Amino acid sequence: SYNRRMLIKKAPDIRSSEITPKSVYLRRREFIQASAAALVAAGFPSMANPAEAQGGGLAKLPNVQKSPLSTNETPSLYEHITSYNNFYEFAPGAGDGPKNNSKNFKPRPWKIKIDGLVGKPGEYDIDDFIKPYTLEERVYRFRCVEAWSFVIPWVGIPMAEVIKRVEPQPKAKYVEMTTLQDTGRFPMQRTDLLPWPYIEGLRLDEAQHPLTLLAVGVYGEVLPAQNGAPIRLIVPWKYGFKGVKSIVRIRFVENQPRNTWQIMAPSEYGFYANVNPNVDHPRWSQAREKRLPSFVPNRKTEMFNGYTEQVASMYKDLDLRKNF
Ligand code: MTE
C-alpha cells in the first residue's frame, strides 16, 4: 500500500536520528554531577564499578552467579540503559519513547513455545522455562547498528543450555525467535510500521555459542518492559537489532530465517549483522561508536565488538562483506 511504501522509506531514517531526547540530555548533566560527588565521597574505586547501588526498584533476581565471560569495562548507568531504547512495538525510533509508552506493560502471563526440528518440543510458562537454569550476570558490550553503544550487566541463561535440553534434530541448522503478537500489550502493532511480529534468526552454532544469552534481567533485577521483558536475546558480537525482545517462540528450522530488518531494507540489514568496523552501513560509517551518554562518536568500534578471539572461527569461510 501507499502507506507501507512511505514507511519503508522512512523508518530507517527515523532510526538513524541523531536527535538527543531532552530527558537524556538533562540526565547527562545529573550524571556528571552525581559522578563527581561519588568520586569525592568514596574515592576512585567506587567509580570503577557503579554497578553497586544501581537498579530501578524492580524485582530482584535470586541466586545470580557472576560470569567469567564478563568484560571489566565500566557498566553504563541503569538510567541510560533503560531510557535510550529501540523497541518499535512501543514507539518508532530510538530514545525514551519505549520507556514512556510501556509503563503499564505486564510481562505475565507469558508462555514460551519451543518447536520445529527438536526432539523435545513444548510450551512452558516463563517461570517454569527459566527455573532449571542458574542465572548468570554477564557484563557485555552492546553495539547498535546506528553506532551507539553501552556496557550492560545482563542477567540471563546461556542459550546453549536451553538448546541442549530440547535436543535439536540433525536437520536443524537455524533458530528463529519471535516476539509476542498482541496489539493490547504492544500498541504500535496496530500500525504497519513493521511487519509484525518481530523475528530474528541465528545459525545453530551461533545460538549454541557460550556467549549467546537469553536475558531475563539487568543490574540484578527483572528486565524493564522497554528492554524486552520478560526474556530477550543477547548476542554481544552482533549489532543490537539481532537482540529480539519479549520472545514467545523459539523454532528450530532447516533454512535461514528472514529477520525483520532484512525484510524492511535488505540492502541495509543482513542476516549475520556481525559488528564490523570495516564494512560500512550503506548510509553511515561503522568505524566508530558513541558510548552513551555521549552522542558524538568517542570510541573506535572493534571487530566483532571486541569478541574476535571467541567468535571469529565461526566465520572463517564466510565473506563478511557479502554476508553483512
Ligand atoms: N525487538 C523487538 N521485538 N522490537 C524492536 O523494535 N529493536 C532492536 C532490538 N530488539 C527491537 C527488538 C534494536 S534495533 C536494538 S538496537 C535493540 O533491540 C535495543 O535493545 P535495548 O533497547 O535494550 O538497548
Side-chain angles (χ1 to χ4, degrees), residues 7 11-17 21 24 56 75-102 105 107 110 138 140-156 176-183 185-189 191 193-202 213-219 221-236 238-250 259-265 268-270 273 275 281 286 289-293 305:
L7 283 163
D13 293 333
I14 299 169
R15 299 175 82 225
S16 61
S17 162
V24 171
S76 305
L77 289 186
Y78 182 86
E79 187 61 18
H80 296 146
I81 294 166
T82 59
S83 304
Y84 194 82
N85 299 99
N86 193 303
F87 201 164
Y88 273 57
E89 284 82 342
F90 288 120
D96 57 6
K99 177 182 184 170
N100 296 332
N101 296 351
S102 66
F105 180 80
W110 199 273
R138 300 267 187 93
Y140 281 161
R141 286 180 287 276
F142 185 85
R143 168 62 156 83
C144 266
V145 73
E146 296 90 346
W148 75 82
S149 75
F150 290 108
V151 177
I152 306 187
W154 300 112
V155 177
E176 178 193 86
M177 282 156 274
T178 309
T179 297
L180 174 72
Q181 172 93 44
D182 181 348
T183 51
R185 288 201 260 190
F186 290 137
M188 293 307 283
Q189 286 182 342
T191 74
L193 187 61
L194 291 182
W196 313 110
Y198 196 101
I199 290 179
E200 260 305 338
L202 293 174
L213 199 68
L214 285 169
V216 297
V218 63
Y219 269 116
E221 300 179 352
V222 296
L223 287 174
Q226 64 269 27
N227 290 84
I231 187 163
R232 58 90 58 89
L233 178 69
I234 298 295
V235 193
K238 292 181 182 281
Y239 291 120
F241 72 86
K242 296 297 286 182
V244 48
K245 295 176 168 178
S246 306
I247 297 168
V248 291
R249 186 177 185 191
I250 301 176
N259 63 52
T260 298
W261 286 107
Q262 226 181 341
I263 294 165
M264 287 295 284
E268 303 194 4
Y269 307 103
V275 174
H281 183 278
Q286 292 293 25
E289 66 196 65
K290 309 162 202 175
R291 175 65 54 83
L292 268 73
N305 204 22

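Both counts, for ligands and for their atoms, begin at 1 and track the order of listing. As the structure is a computational prediction, the values presented were derived from the model and not from experiment.
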K.L.:
Compare every heavy atom of E289 with every heavy atom of S149, then report the nearest pair and how far apart it is.
P.N.:
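In this case the closest contact between S149 and E289 is OG-OE2, 2.8 Å.
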K.L.:
Is the gap between the ring centers of Y239 and Y269 under 6.0 Å?
P.N.:
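Centroid distance Y239-Y269: not below 6.0 Å, so no.
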K.L.:
Using a heavy-atom cut-off of under 4.0 Å, does the side chain or the backbone of R232 touch ligand 1, or both, or neither?
P.N.:
side chain
K.L.:
Looking only at heavy atoms, which two atoms of P107 and A229 are closest? And how far apart?
P.N.:
CB-CB, 4.1 Å
K.L.:
Any atoms of ligand 1 less than 4.0 Å from a non-hydrogen atom of G240? List them with their elements.
P.N.:
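It comes down to these atoms of ligand 1: 9 (C), 13 (C), 15 (C), 16 (S), 17 (C), 18 (O).
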K.L.:
Do any nitrogen or oxygen atoms of F150 come within less than 3.5 Å of a nitrogen or oxygen of ligand 1?
P.N.:
no
K.L.:
Between ligand 1 and K245, is the shortest N or O to N or O distance under 3.5 Å?
P.N.:
yes
K.L.:
Quick one: closest heavy-atom pair of L213 and G156, and the distance?
P.N.:
CD1-C, 3.8 Å
K.L.:
Give yes or no for whether the N/O distance cutoff of 3.5 Å, strictly under, is met between W154 and ligand 1.
P.N.:
no
K.L.:
Indicate, as side chain, backbone, both or neither, the part of Y198 found under 4.0 angstrom from ligand 1 when only non-hydrogen atoms are considered.
P.N.:
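It is the side chain that gets close, since no backbone atom is under 4.0 Å.
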K.L.:
List the steps and the verdict of salt bridge (Lys or Arg N to Asp or Glu O under 4.0 Å) for K99 and E79.
P.N.:
CA-CA 11 Å; K99 177 182 184 170; E79 187 61 18; 3.7 Å; yes
K.L.:
Considering distance alone, does some N or O of N227 sit under 3.5 Å from an N or O of ligand 1?
P.N.:
yes
K.L.:
At a non-hydrogen distance cut-off of under 4.0 Å, which region of T179 contacts ligand 1 (side chain, backbone, both, or neither)?
P.N.:
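Looking at T179 and ligand 1, just side chain atoms fall under 4.0 Å.
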K.L.:
Should the proximity of F142 to ligand 1, defined as any heavy atom under 4.0 Å, be assigned to the side chain, the backbone, both, or neither?
P.N.:
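F142 to ligand 1: side-chain contact only, backbone stays beyond 4.0 Å.
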K.L.:
Quick one: look at E200 and ligand 1, take heavy-atom pairs under 4.0 Å, and tell me if it's side chain, backbone, both or neither.
P.N.:
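Neither part.
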K.L.:
Considering all heavy atoms of both residues, which atom of G243 and which atom of R232 are nearest to each other, and what is their separation?
P.N.:
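Minimum heavy-atom contact is O-NH2, 3.3 Å.
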K.L.:
For Y198 together with Y88, are the ring centres under 6.0 Å from each other?
P.N.:
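For Y88 and Y198, the ring centres are not under 6.0 Å apart.
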K.L.:
Kindly give the heavy-atom pair with the smallest separation between W110 and I247, and that separation in Å.
P.N.:
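Smallest heavy-atom distance, with atoms named: NE1-O, 2.9 Å.
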K.L.:
Return yes or no for this condition: an N or O of W261 is under 3.5 Å from an N or O of ligand 1.
P.N.:
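The answer is no, given that W261 and ligand 1 share no N or O pair closer than 3.5 Å.
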K.L.:
Could you tell me which atoms of ligand 1, counted from 1 in the order shown, lie closer than 4.0 angstrom to a heavy atom of C144?
P.N.:
16 (S)
K.L.:
Please confirm whether G243 comes under 4.0 Å of ligand 1, counting heavy atoms of the residue only.
P.N.:
yes
K.L.:
Test your reading of the model: is there a side-chain donor-acceptor pair from Q226 to the backbone of S102, 3.5 Å cut-off?
P.N.:
no
